[in-house]
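Presented below is the structure to which this report refers.
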Amino acid sequence: MPYAFEVVIAPDPFRVAQIRRITRATLRYRALPTPLVQDVVLVVSELVTNAIEHGHGTVRLRVRHTGGSLLVEVIDNNPAPARLRTPTAVAERGRGLVLVSVVAQAWGVSRDGKTTWCRFRVPAGRP
């Protein structure tokens, strides 16, 4: 059965941990496999952190599960799109979208640059 949830937060770095807990609890409640939940929580953490650090105004997280797909969208008011960068070996930052590109089935940015999204495949037979 399809479902969705959305959370709107102030752009406060302390909110990232709260968003991780909300996402983890919601996906566990839906009985999704633990490895998938861990991957989604990692990606949510990275995308929300990016939106807080580089976006403008409130940050929205939207997660939608339909059929065999789980879509994660993070929206802020900055029209400058998120960009994949290649960090140096000693860089302490800049790996967020690299992680997203490795863990998610697909990812991208909306035409207006305000939404960064990624998609995960949900194993067959899952709720």
Side-chain angles (χ1 to χ4, degrees):
M1 171 165 280
Y3 68 93
F5 71 91
E6 185 169 336
V7 180
V8 180
I9 63 166
D12 181 344
F14 294 107
R15 294 292 198 178
V16 177
Q18 181 182 27
I19 294 301
R20 282 193 302 262
R21 286 191 302 272
I22 290 168
T23 302
R24 184 179 298 111
T26 302
L27 298 180
R28 282 185 176 167
Y29 176 77
R30 298 300 303 189
L32 292 176
T34 299
L36 176 60
V37 171
Q38 291 170 337
D39 287 349
V40 172
V41 169
L42 171 66
V43 164
V44 163
S45 182
E46 295 299 332
L47 294 181
V48 169
T49 298
N50 283 352
I52 289 171
E53 289 182 3
H54 305 292
H56 301 293
T58 60
V59 174
R60 287 189 297 160
L61 165 67
R62 185 180 311 142
V63 178
R64 293 185 281 177
H65 177 208
T66 56
S69 182
L70 186 91
L71 180 66
V72 174
E73 298 172 297
V74 175
I75 303 106
D76 62 58
N77 290 319
N78 186 352
R83 294 181 329 205
L84 183 65
R85 299 177 189 168
T86 305
T88 66
V90 295
E92 294 182 12
R93 304 172 56 106
R95 291 178 174 78
L97 287 178
V98 172
L99 287 171
V100 172
S101 71
V102 169
V103 173
Q105 177 186 7
W107 78 277
V109 179
S110 64
R111 291 189 119 168
D112 67 1
K114 296 179 182 182
T115 302
T116 305
W117 60 269
C118 63
R119 185 178 322 108
F120 292 86
R121 187 180 327 263
V122 177
R126 300 310 302 180

Listed pairs under 3.5 Å, donor-acceptor, residues 11-20 side chains, sequence neighbours left out:
{"residue": "D12", "atom": "OD1", "partner": "F14", "partner atom": "N", "Å": "2.9"}
{"residue": "R15", "atom": "NH1", "partner": "Q18", "partner atom": "OE1", "Å": "2.6"}
{"residue": "R20", "atom": "NH1", "partner": "S45", "partner atom": "OG", "Å": "3.0"}

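In terms of the side chain to side chain contact (heavy atoms under 4.5 Å, CB included) criterion, residue partners of N78 (sequence neighbours excluded) are, by chain and number, H56, D76, A80. Residues passing the salt bridge (charged side-chain N to carboxylate O under 4.0 Å, His left out) test with R62 are E6, E73, sequence neighbours excluded. With sequence neighbours excluded, the residues satisfying side-chain hydrogen bond (donor to acceptor under 3.5 Å, both in side chains) with D112 are S110. With sequence neighbours excluded, the residues that form a side chain to side chain contact (heavy atoms under 4.5 Å, CB included) with L42 are E46, L99, V103.
Shown here for R24 and V41, the closest heavy-atom pair between the two residues is NH2-CG1, 3.4 Å. What you find for V122 and G67 is that their closest heavy atoms are CB-O, 4.5 Å. Between L61 and V63, the closest heavy-atom pair is CD1-CG2, 4.0 Å.
By the 4.5 Å side-chain criterion applied to Ile, Leu, Val, Met, Phe, Trp and Tyr, W117 is assigned to a cluster that also includes L71.
Using a 4.5 Å heavy-atom threshold, the side chains of T49 and L47 count as separate. Counting heavy atoms from C-beta on, the side chains of V109 and T115 never come closer than 4.5 Å.
Clustering ILVMFWY residues whenever any of their side-chain heavy atoms sit less than 4.5 angstrom apart, transitively, puts V44 in the very cluster that holds Y3.
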